Amino acid sequence: MKRVIPLEDRVLVKVIKEEEKTPTGIILPDVAKEKPQIAEVIEVGDDETIKVKKGDKIIFAKYSGTEIKVNGEDYLILSKADILAKIEE
């Protein structure tokens, strides 16, 4: 099984896809939705200034990152500058 370890100030994330419904209950197809901007951090690069860790949920900049597929799963590699906020629950 492949493992991706980001370098320097980069972070590997898995986008959290939420099902969207209209107020009347109609489920919107993927093509009608905006690209999601919430993700879970999977791996973190070795830059000590990165303020997120594995398992954190983050909000990232729209249209940022590099999309990759590993072991059949879709991921994004983001620069730390693309991370806008950390979500605390």
Side-chain angles (χ1 to χ4, degrees):
M1 204 164 200
K2 292 181 188 175
R3 181 172 173 214
V4 176
I5 301 171
L7 300 176
E8 298 178 5
D9 71 340
R10 295 193 176 61
V11 177
L12 179 71
V13 300
K14 183 152 183 67
V15 176
I16 299 171
K17 296 181 182 180
E18 296 179 12
E19 189 175 276
E20 290 189 29
K21 291 183 183 180
T22 64
T24 57
I26 297 171
I27 297 174
L28 297 173
D30 286 340
V31 292
K33 292 188 248 180
E34 285 195 29
K35 188 175 179 182
Q37 291 175 256
I38 298 176
E40 180 179 353
V41 176
I42 304 300
E43 291 285 344
V44 179
D46 56 6
D47 186 331
E48 294 178 8
T49 63
I50 298 175
K51 299 192 185 294
V52 295
K53 62 186 182 317
K54 284 183 184 182
D56 284 348
K57 296 218 176 12
I58 60 159
I59 298 173
F60 60 92
K62 210 179 248 192
Y63 310 113
S64 61
T66 301
E67 297 177 357
I68 64 168
K69 189 175 275 245
V70 180
N71 301 322
E73 298 279 334
D74 293 324
Y75 296 95
L76 273 179
I77 296 179
L78 300 172
S79 170
K80 77 175 182 181
D82 294 329
I83 299 171
L84 304 176
K86 183 163 68 168
I87 300 171
E88 290 187 1
E89 296 180 30

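Just so you know, these numbers use all the heavy atoms, side chains as well, and skip hydrogens, waters and symmetry mates. In this text the structure is predicted, and so the values were computed from the model without any measurement.
- Rounded to the nearest 0.5 angstrom, Lys57 NZ and Ile38 CD1 are separated by 9.5 Å.
- Atom NZ of Lys14 has more than 12 neighbouring heavy atoms from other residues, nucleotides or ligands inside a 6.0 Å radius.
- Listed here is the closest heavy atom pair of Lys80 and Asp47: NZ-OD2, 3.9 Å.
- When all heavy atoms of Lys69 and Asp74 are compared, the closest pair comes out as CE-OD1, 3.1 Å.
- A heavy-atom distance below 4.5 Å is not found between the side chains of Asp9 and Thr49.
- For the pair Tyr75 and Val4, the minimum side-chain heavy-atom distance is 4.5 Å or more.
- Side-chain atoms of Ile68 and Leu12, non-hydrogen and from C-beta on, do get closer than 4.5 Å to each other.
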Please list, one pair per line, the donor and acceptor atoms closer than 3.5 Å that link side chains of residues 82-89 to other protein atoms, with sequence neighbours excluded.
from: Asp82; atom 1: OD2; to: Ser79; atom 2: N; distance (Å): 3.4

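- Atom-to-atom distance recorded for Arg10:CZ and Ile77:CD1 is 8.5 Å, nearest 0.5 angstrom.
- Between the side chain of Glu67 and the backbone N or O of Leu76, no donor-acceptor pair lies under 3.5 Å.
- Between the Asn71 side chain and the Glu73 main chain, no donor and acceptor come within less than 3.5 Å of each other.
- In this structure, Glu48 has no salt bridge (Lys or Arg N to Asp or Glu O under 4.0 Å) partners at least two apart in sequence or on a different chain.
- Looking at every heavy atom in both residues, Val52 comes nearest to Asp56 through CA-OD2, 3.4 Å.
- In terms of heavy-atom proximity, Glu43 sits nearest to Pro6 at CB-CD, 3.5 Å.
- Cluster annotation: Ile42 is connected to Val70 through the hydrophobic network of ILVMFWY side chains, with a link wherever side-chain heavy atoms come within less than 4.5 Å.
- Under the rule for a salt bridge (Lys or Arg N to Asp or Glu O under 4.0 Å), Asp46 has no partner lying at least two apart in sequence or in another chain.
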